[in-house]
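Note that these values count all heavy atoms, side chains included, but never hydrogens, waters or copies made by symmetry.
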Amino acid sequence: APDPAPAVPKTRQITRWLLTRPDHLQAGEQAQLQAIRARCPHIDALAAHVTAFAEMMTARTGSRDLEAWLAAVEANDGQPGLRSFAAGIRHDQQAVINGLTLPYSSGKVEGTVNKIKLLKRQMYGRSGFALLRKRVILHPALQGPQNSRQSPLS
């Protein structure tokens, strides 16, 4: 009997390979991704767009490169999902350029808001605002350096 054909990777696996830095992939994963890209021109074009956008994010060159990237994506007819993403970027292009260029981030604030919403969901239907307020104030992950208690050794 002939050797069985290698298993086709799942969509999630291919997506992970496309979204991971190439130097972080193992040699076997890189080989599989290259084989998939060679067999499917749509995935190859998608990988090129994803790589270009990732380079723009890491190098913070959005003010210089975003317009060319959007034009390239909009010219590609085979990627309706990516074209939809580009159309969404066009709606608020200045904010996206700022996010891809400036070093500022609202990540810390967004993380705090996420934790507060988690506490709110846990409290749903249990008690009133007073208990929720107390849990938010006393939650260790939400306390900044000015509110944190000093350890006994300090």
Can you list the residues that meet the side-chain contact (heavy atoms from CB on, under 4.5 Å) rule with E110, with sequence neighbours excluded? S106

What residues form a side-chain hydrogen bond (donor to acceptor under 3.5 Å, both in side chains) with N114, not counting sequence neighbours? none

Rest of the hydrophobic cluster containing V113 (Ile/Leu/Val/Met/Phe/Trp/Tyr, side-chain heavy atoms under 4.5 Å)? V109

Cluster companions of Y124 among Ile, Leu, Val, Met, Phe, Trp, Tyr (side-chain spacing under 4.5 Å): none

Selection residues 1-12 - residue pairs positive for side-chain hydrogen bond (donor to acceptor under 3.5 Å, both in side chains), sequence neighbours left out: none

Pair listing, side-chain hydrogen bond (donor to acceptor under 3.5 Å, both in side chains) test, anchored in residues 80-92, at least two apart: E67-R90, E74-R90, D77-R83, R90-Q93

Hey, can you pull the donor-acceptor pairs under 3.5 Å for the side chains in residues 36-43, sequence neighbours left out?
residue, atom, partner, partner atom, Å
R37, NE, D44, OD1, 2.7
R37, NH2, D44, OD1, 2.8
R39, NE, A35, O, 3.3

Please name all residues satisfying side-chain contact (heavy atoms from CB on, under 4.5 Å) with T51, sequence neighbours left out, ordered by chain then number. E55

Check side-chain hydrogen bond (donor to acceptor under 3.5 Å, both in side chains) between Q26 and all other residues, then give those that pass, not counting sequence neighbours. none

Just grab all the salt bridge (Lys or Arg N to Asp or Glu O under 4.0 Å) pairs involving residues 14-24, residues at least two apart or on different chains. R16-E29

Using distance only, find each side-chain donor-acceptor pair of residues 97-105 under 3.5 Å and give its atom names and separation, not counting sequence neighbours.
residue, atom, partner, partner atom, Å
N98, OD1, Q94, NE2, 3.2
N98, ND2, Q94, O, 3.4
T101, OG1, S63, N, 3.0
T101, OG1, I97, O, 2.7
S105, OG, G107, N, 3.0

Hits for side-chain hydrogen bond (donor to acceptor under 3.5 Å, both in side chains) against T61, two or more places apart or cross-chain, chain-then-number order -> D65

